[in-house]
Structure formats: C-alpha cells, structure tokens
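Structure, as structure tokens:
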Amino acid sequence: MKTVTAKTLVLGAVGAGVLLAGCEAPPPEIVQNGYRGLQMQSVYNPKDLQASLNANVPPEPIPAAASTPGMPKAKDMYKNVQVLGELTVPEFNRIMVALTNWVAPKEGCYYCHVNEGFEYDGIYTKVVSRRMIQMTQDTNANWKDHVADTGVTCYTCHRGNPVPPYVWVTDPGPGSASGIAPTGQNIAAKSVAYASLPYDPFTPFLLGDNDVRVIGETALPQGNRSSIKQAEWTYGLMMHISQALGVNCTYCHNSRSFYSWDQSAPQRTTAWYAIRHVRELNNDYVVPLSDIIPDTRKGPLGDVYKVYCTTCHQGAYKPLYGAKMLKDYPALSQPLPEGGLEAVKAAAEAAAAEAQQAKAAVVEAPTPAPAEEQPAQEAAAPAAAAPAEINPQPEPPGVQTQPRLRYPPPSMMQYPPPPLQYPPAPAPR
C-alpha cells in the first residue's frame, strides 16, 4: 500500500477510475486503499487537491479569556441570555466575537442585534443563531458516531458567510409546457453530477425517513419494493455524497459487493450515522424556523434552506480536513451545565480518572486459579447461580456506540486493510 502524504491526499473525482489517468493534466494519481484486483482505490488530481487544501484552512483561534474564581456570569450581567449564560463575561464576549467572525464579519454585531438593545429579539437572525448554537452543541455532544471528538463549530458550515455557501431546497424541476409535473429523472442536474438520475434525492432521504436501499430483502413478487427506480434515487444520493467528500465510491464500499456491510470500509458506518444526523438537523432545528425566516431565504416552493453533506464537507473527506477547532471553543461542545466551562472540565477530568482506574483494575486483576485448585465450596456451587443469557448478541467489532443512541448501528465487521494515513489538518492562517 502506498503511503499517503500531504502531497498524495485522496480527493477522488466522482466515479473516477484508471481511465482518468490519461485524460487530465496534471495526470491524476491513484492510491490503493483496499484489496488488489477489486478496484479499491482513490483517484485525485494534484491541482484540485491543492486548491481544496487552500480553501479549507481554519481561522486562527481567538486567545482564551482570562478566568478567575467568582467572576460574574453572562446570564447575571446581560439580559435575555438564553444560551451560553453559564459562561463568564469575558468568555461569553470572546465567543460572541468568534461567532461574528465566522458568520457575519462584514455585518458585525448588528447582524443579530438591534439598536434598541442587545437583549431584544426583534430581528429573526438572533432567534435563528440561538437555535443554531443549540444545534451545534447537540451535534458535538450526541452525534460522536458522526463527528467523533473533532466536532464542528459555526465556521464549519458558514465559512464567513451569513448563509452557508452550500444549502439545498426542494427542487420543483424544470417547467413544462404541458403542465405535467416531471417524474424527477432524466434531467442533467448538478446535484447528481449531471447524471440521468433523480435530480432531488435530498427531500426523500435527508428530510424524509426513507430507506437508502438498492437490493431487496424479499423475493419477487411478494412485496419487494426495492425496484430499479428506487435504486436510482439511492444512486442520486450516493453521487452527492461522493461529490461532497471528494472521494470515490470505494472510499466506503468494496466494489466486489457494494451492499455487503462486512466487506465495507469503516467509514461506511460513519456515513450511515451521518445520513440520520442530517435528517435530525433539518427536521428538529432548521425546518421549525420556517415561520420566522423571510421568503428571501427560501426556495421556489417556500421551504427554507437546509443542510446536506456539502454544507460541512465542501469537497473534503473530513470538514476542514479534520481541523480540531472545537478544542478552542469548548462552550460549543455540549449544552452548558450549571457551573459553565469549569463544570464541563471537572466532569471530563472525573470521567478520565474513572476510565484510568477501571483500566488499572483490569490490569491488576488476579488470574483465576485452575478449576482443580479452586475451593470445594466454589466448585460445588450450582450452575444456576450464574445469570444466564438467552441468545446473547455481541456488539459488532469496529462500531462504537454512544450513551444516547438514537439508531442501532448497522451490523458490520472491521474492514481488514488498515485505513489510509491522511495528513494532519492544514495550519491556520
């Protein structure tokens, strides 16, 4: 396997194969990331790679605010602080400056506040931003199956723009002189890489709770609804994911058997959680704001701008190539408990100490004596004394579950080849 460095980072074109190697300048490079002979490889163009790296440099973090015991909290000093009120006043002001730089650097504070007073909710952007902060905290706390410990911040999506550059609305399709609504196919749409696939795979999959399935689980004709037409909708979503992450299909799938979970790469599980995460973001946070968001920020059918894979990834296999911005802004890592960041830090230290003690206990545990050396009373203990498990279901290796699990993880095994070694995130400017 070829070692992947910053110069040979995988940023494959959609559906790219070996044939592309002779059709572009400079010539694309190919990196094998799976079994030989199965087309488990990624194709990228060095020129496009450098442009993507330049576009995904995180901003320099603002220095942490000074903190002393007894320092007043934002909720006690300012009016109507419904989120982040447990922060000290300096830390609260620091993160407000960061939010301004990430979302509205040209408009400044008055993008979300009014002259009558910063406490007033007289402008819709303040209400929306408050809800978006809660969305970010929920993502970082409860969707680690998707974002891991890297997490996200407002900059991950906004990149200095009031509205993230990449959003979607339900596509009404092209106009028709006959007045007959199109069926959603055979339109060369950018959303599906200009393929003859359904041009709006986002509404059924990233807003509606529909199965992303190609192969049916039952034989015809008894109720098999996994038709070729449904497969094309799934392919449309897959084209979007491939473009959004800048990778080939084989970044997640084994070309020998695309549907098989036990032959897939581990990142396919991450994508499985990501689809469900994005659905929740749209349905629980974005769509409920429809009544206060103006029509100028809605689609032709009146629906608000929503998020999808490109909103965060923007062509990178990991948003900002895995830059850990969240570590510099821990207030966004979870809903703040009473006590603010000090309470969060104390809880993290306690959890780490507990994990260390548990690890030490496992190491120091004595090896059980052979059966013949055990005391007679133990050997004679009835077998019924031990709790019995009926059809125990072991946790699938390679899938990490979280304390709060909205969805059961798909059954899969750890993919045998080692993962690609990607370079660290670009340094801040």
Side-chain angles (χ1 to χ4, degrees), residues 56 58-59 61 82-87 95-96 98-99 102-103 127-168 202 205-207 209 240-241 244-245 267 269-289 304-314 316-337 340-341 344 347-348 351 399-409 425:
N56 283 279
Q82 301 180 28
V83 181
L84 304 176
E86 291 293 336
L87 293 176
I95 201 164
M96 287 296 105
L99 292 175
W102 294 341
V103 177
V127 180
V128 172
S129 64
R130 180 185 292 139
R131 192 61 177 148
M132 294 297 100
I133 292 173
Q134 293 172 325
M135 181 183 75
T136 302
Q137 291 174 326
D138 177 70
T139 290
N140 292 322
N142 300 311
W143 282 99
K144 291 184 181 295
D145 290 293
H146 180 199
V147 301
D149 292 327
T150 302
V152 297
T153 66
C154 309
Y155 184 81
T156 307
C157 296
H158 283 268
R159 310 289 178 96
N161 300 280
V163 177
Y166 300 99
V167 292
W168 69 274
F202 314 123
F205 294 132
L206 302 184
L207 191 64
D209 187 9
H240 162 71
I241 294 175
L245 277 64
Q267 46 267 31
T269 303
T270 304
W272 189 92
Y273 281 109
I275 292 171
R276 284 144 185 84
H277 180 202
V278 172
R279 283 178 188 163
E280 180 179 285
L281 296 182
N282 287 324
N283 286 295
D284 291 2
Y285 291 95
V286 179
V287 173
L289 296 170
V304 295
Y305 297 153
K306 293 173 283 294
V307 302
Y308 54 178
C309 306
T310 312
T311 308
C312 285
H313 283 268
Q314 302 192 24
Y317 73 99
K318 290 183 180 180
L320 296 170
Y321 288 104
K324 296 184 177 182
M325 289 184 62
L326 183 63
K327 65 179 177 56
D328 297 311
Y329 302 94
L332 299 176
S333 63
Q334 64 180 50
L336 288 174
L341 292 181
V344 173
V399 178
Q400 297 180 356
T401 58
Q402 301 302 323
R404 185 177 75 158
L405 196 62
R406 293 177 176 81
Y407 307 97

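For clarity, every value in this text was computed on a predicted model and none was experimentally measured.
The nearest pair of heavy atoms linking Y308 to L206 is CB-CD1, 3.5 Å. Among all heavy-atom pairs drawn from T156 and P319, the shortest one is CG2-CB, 3.7 Å. Annotation for M96 and L84: closest pair CE-CD1, 3.9 Å, computed over non-hydrogen atoms. Heavy atoms only, all atoms of each residue included: R159 and C312 are closest at NH2-O, 3.3 Å.
Contacts of R130 classified as salt bridge (charged side-chain N to carboxylate O under 4.0 Å, His left out), with partners at least two apart in sequence or in another chain: D121. Shown here are the salt bridge (charged side-chain N to carboxylate O under 4.0 Å, His left out) partners of K306, two or more places apart in sequence or in another chain: D303.
At least one donor-acceptor pair closer than 3.5 Å links the side chain of N282 to the backbone N or O of V307. Under a 3.5 Å cut-off, the side chain of Q137 and the backbone N or O of A331 do form a donor-acceptor pair. A distance-only check finds no donor-acceptor pair linking the side chain of R131 to the backbone of V127 [under 3.5 Å]. Remark: the backbone N or O of F205 is paired with a side-chain donor or acceptor of R279 at under 3.5 angstrom.
Using a 4.5 Å heavy-atom threshold, the side chains of M325 and L332 count as separate. In this structure, the side chains of L207 and N283 come closer than 4.5 Å at one or more pairs of heavy atoms. Within the 4.5 Å cutoff, the side chain of L289 has heavy atoms near those of the M132 side chain. T139 places none of its side-chain heavy atoms less than 4.5 Å from the side chain of E280. Taking the side chain as every heavy atom from C-beta outward, T311 and V278 never approach each other to under 4.5 Å. Using a 4.5 Å heavy-atom cutoff, the side chains of Y317 and Q267 are not in contact. Taking 4.5 Å as the limit, every side-chain heavy atom of D284 sits out of range of all side-chain heavy atoms of D138. In this structure, Y166 and C309 have side chains that are not in contact, with every pair of non-hydrogen atoms separated by 4.5 Å or more.
In this structure, K144 NZ and T150 OG1 are separated by 9.0 Å, a value rounded to the nearest 0.5 Å. Note that CD1 of I241 is 9.0 Å distant from NE2 of H313, once rounded to the nearest 0.5 Å. How far CE of M135 is from SG of C157: 6.5 Å, rounded to the nearest 0.5 Å. Going from atom CD1 of I95 over to atom CG of D328 covers 11.0 Å, rounded to the nearest 0.5 Å. With rounding to the nearest 0.5 angstrom, the OG1 atom of T153 is 11.5 Å from the NZ atom of K327. A distance of 5.0 Å separates CH2 in W102 from OH in Y329, rounded to the nearest 0.5 Å.
By the 30° and 60° cut-offs, the orientation of the rings of W168 relative to F202 is tilted.
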Check the pair N140, Q334 against side-chain contact (heavy atoms from CB on, under 4.5 Å), reporting the backbone distance first and the verdict last.
-> CA-CA 6 Å; N140 292 322; Q334 64 180 50; over 6 Å; no
Quick one: do V147 and L326 satisfy side-chain contact (heavy atoms from CB on, under 4.5 Å)? Show the steps, please.
-> CA-CA 11 Å; V147 301; L326 183 63; over 6 Å; no
